[in-house]
Asks: 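Once you've had a glance at the structure underneath, I'll fire off some questions.
Below, chain A is the first sequence line, B the second, and so on; all start at residue 1. What you are looking at is a predicted structure, and each value in this text was computed from that prediction instead of being measured.
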Protein chains: 2
Amino acid sequence: MRARKGYLRHIHSCNPPVRELFVPWFIDDQLVGWLRPWLVDKLREHSTVFKIREKRIDLSARLEGFSDRSAVLAEIVEWLAGQQLITAPMGELYPVTPAGRQAALCVMDRAAAAYFGVRAFGQHLNGFVHKKDGLYMWLGRRARDRLIYPGSLDNMVAGGLPWGVSLEENLHKECMEEAGLPENVARQAVPVGLVSYNRVTERGYRPDILYCYDLELSPGFQPQNTDGEVESFVLLPVEEVARLVRETDEFKLNCNLVVIDFLLRHGYIEPQDDEYLELVIGLRSPLSAGLTVSR
Amino acid sequence: MRARKGYLRHIHSCNPPVRELFVPWFIDDQLVGWLRPWLVDKLREHSTVFKIREKRIDLSARLEGFSDRSAVLAEIVEWLAGQQLITAPMGELYPVTPAGRQAALCVMDRAAAAYFGVRAFGQHLNGFVHKKDGLYMWLGRRARDRLIYPGSLDNMVAGGLPWGVSLEENLHKECMEEAGLPENVARQAVPVGLVSYNRVTERGYRPDILYCYDLELSPGFQPQNTDGEVESFVLLPVEEVARLVRETDEFKLNCNLVVIDFLLRHGYIEPQDDEYLELVIGLRSPLSAGLTVSR
């Protein structure tokens with residue numbers, strides 16, 4: 001039974017119970033992803049690339065090194081996409097990693113990564129302003145022509161984190177493109193942690209990590225979108241932002257979690273709240289939560 | 001293999017691998033604690049109070065209501081302590097709860113709670129000062145006559161959270177006793193989340209929740225201990241506090257986690273750090289992590 005209101009329902013929506021089988025994928029005996037059984041079966045046709053046992057799939061130990069692995073995976077992705085078993089490559093590479101981005105063992109195309117259950121990384125920024133009557137947050141309204149969540153509310157700046165670019169560089173780029181924030185302002189963004197969750201979607205198991213940032217802006221600043229992804233910006237009292245999260249589904253789903261984390265860190269959700277424990281702990285789901293690894 | 005330096009080792013020390021059997025304890029079919037098998041065996045002598053099956057122990061369903069359950073548990077605790085099977089009651093009550101404090105199904109003595117693996121709650125406060133040359137943190141040095149961690153560094157204010165007192169009330173009391181903070185200053189403390197961990201000690205499985213608070217103080221303020229628990233206070237640059245956590249064992253073990261959480265929330269540990277994911281996720285261990293519940 002899911003509540004129609006409250007903060008916790010968004011955490012539950014981002015971490016649905018896993019009611020089907022996913023097969024763990026290992027590289028160098030390290031867990032890097034989860035595949036649906038149909039995909040594992042298909043990959044049996046490439047027995048030199050994947051070693052498939054009853055309850056796990058391993059990238060062949062013969063494939064050593066970052067670039068060899070990445071090259072072979074790129075061929076596999078082309079082959080799968082050519083048969084229209086997965087969506088076409090997006091030309092953007094994602095790290096395939098057992099831990100953080102830095103620990104990547106190879107890369108694979110973003111579109112394919114979703115089928116292989118590898119972790120995706122993003123960066124979300126809370127822009128806020130201290131006014132005499134309290135704290136205000138800047139929110140973006142997503143453009144109506146966006147593929148996912150058109151017209152929904154969004155964090156002030158939010159974007160995926162591709163391979164080959166530093167966290168800082170990517171954040172500054174997104175700050176400029178999404179909100180017209182010059183680099184000297186974007187540099188003042190403070191990294192404040194992360195939220196993590198594991199969705200189950202049409203394409204597969206989708207573990208996500210969103211690095212969170214806080215940026216205090218001067219009352220005079222007006223964000224300005226430059227890449228067409230944001231229709232408009234609105235500055236709302238934090239209490240109203242909290243209400244929108246609690247009582248509506250106006251936000252793109254995962255942005256709710258970033259706002260909830262902000263509210264928790266700034267004392268706008270208090271430890272007296274019945275759901276406090278579940279909220280703080282629930283915002284950081286470990287990779288593979290709800291799944292069983294057989295070794 | 002444990003590293004001798006770094007932040008992560010403290011999280012590992014607070015969450016050791018569970019290498020022995022603990023039996024889950026249920027009240028009203030809700031998991032509230034974990035007992036060692038010897039204690040479960042002993043409680044067989046009270047078959048009207050506990051229903052014991054192969055892999056679980058339940059408080060008898062005949063015991064309904066908070067006060068009835070608490071009264072019977074108090075008798076059990078006296079009986080166990082009388083045989084010197086557990087340490088003597090401390091006269092301080094802890095909630096027995098499947099979730100937060102508010103969800104308590106009954107209470108039991110603090111000393112006994114440790115053997116029954118019920119969650120303990122505490123409050124820790126980070127006192128900090130903005131100076132021209134950066135952020136400084138106030139730390140306490142524990143009195144030399146304290147039972148645990150004499151002479152170790154501590155958060156500016158830290159204390160257990162007994163039953164029957166509100167979070168706010170207890171925090172204000174601790175602020176006054178430990179650091180001489182008047183209530184009008186203590187009121188400015190901001191709740192910023194919690195850290196949770198599950199230790200395994202001589203007495204039993206010990207899941208802890210520490211509610212964390214930040215309090216910015218004016219540069220002129222000097223904390224003053226009034227209850228004899230703190231020998232002295234020291235104001236250190238945040239970088240030096242971070243170094244003490246990383247490179248030494250000067251802090252009382254769980255206080256390291258509160259400082260690490262502070263460093264993460266204020267951008268002093270950055271997402272480029274190789275251990276960032278493990279740190280942020282590791283600071284919030286779910287209850288029963290590492291244990292298996294049989295129903």
Asks: Which atoms of B:F262 come close to chain A, meaning under 4.5 Å heavy atom to heavy atom: side chain ones, backbone ones, both, or neither?
Replies: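 Contact with chain A: none, neither part.
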Asks: Of the backbone (N, CA, C, O) and the side chain (C-beta and beyond), which part of A:Y268 lies under 4.5 Å from a heavy atom of chain B, both, or neither?
Replies: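 Contact with chain B: none, neither part.
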Asks: Quick one: list whatever passes salt bridge (charged side-chain N to carboxylate O under 4.0 Å, His left out) with B:E216, sequence neighbours left out.
Replies: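 B:E216: no salt bridge (charged side-chain N to carboxylate O under 4.0 Å, His left out) contacts found.
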Asks: What side-chain hydrogen bond (donor to acceptor under 3.5 Å, both in side chains) pairs are there with at least one residue in residues 256-266 of chain B, not counting sequence neighbours?
Replies: B:H10-B:N256, B:D214-B:R265, B:D214-B:H266, B:D261-B:R265, B:D261-B:R284
Asks: Considering only heavy atoms, which portion of A:A103 lies under 4.5 Å from any heavy atom of chain B: side chain, backbone, both, or neither?
Replies: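 Looking at A:A103, nothing touches chain B.
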Asks: Side chains of B:L194 and A:L277: closer than 4.5 Å at any heavy-atom pair?
Replies: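 With C-beta onward as the side chain, the pair touches.
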Asks: Is a donor on one side and an acceptor on the other found under 3.5 Å between the side chain of A:Q102 and the backbone of B:Q272?
Replies: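 Yes.
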Asks: Does any backbone or side-chain atom of A:V280 lie under 4.5 Å from a heavy atom of chain B? Answer side chain, backbone, both or neither.
Replies: both
Asks: Of the backbone (N, CA, C, O) and the side chain (C-beta and beyond), which part of B:S166 lies under 4.5 Å from a heavy atom of chain A, both, or neither?
Replies: neither
Asks: Restricting to non-hydrogen atoms, name the atom on B:S196 and the atom on A:I281 that form the minimum distance, rounded to 0.1 Å.
Replies: OG-CD1, 3.7 Å
Asks: If only atom types and distance count, is the side chain of B:Y276 paired as donor or acceptor with the main-chain N or O of A:Y211 below 3.5 Å?
Replies: no
Asks: Side chain, backbone, both or neither: which part of B:I209 has a non-hydrogen atom closer than 4.5 Å to chain A?
Replies: side chain
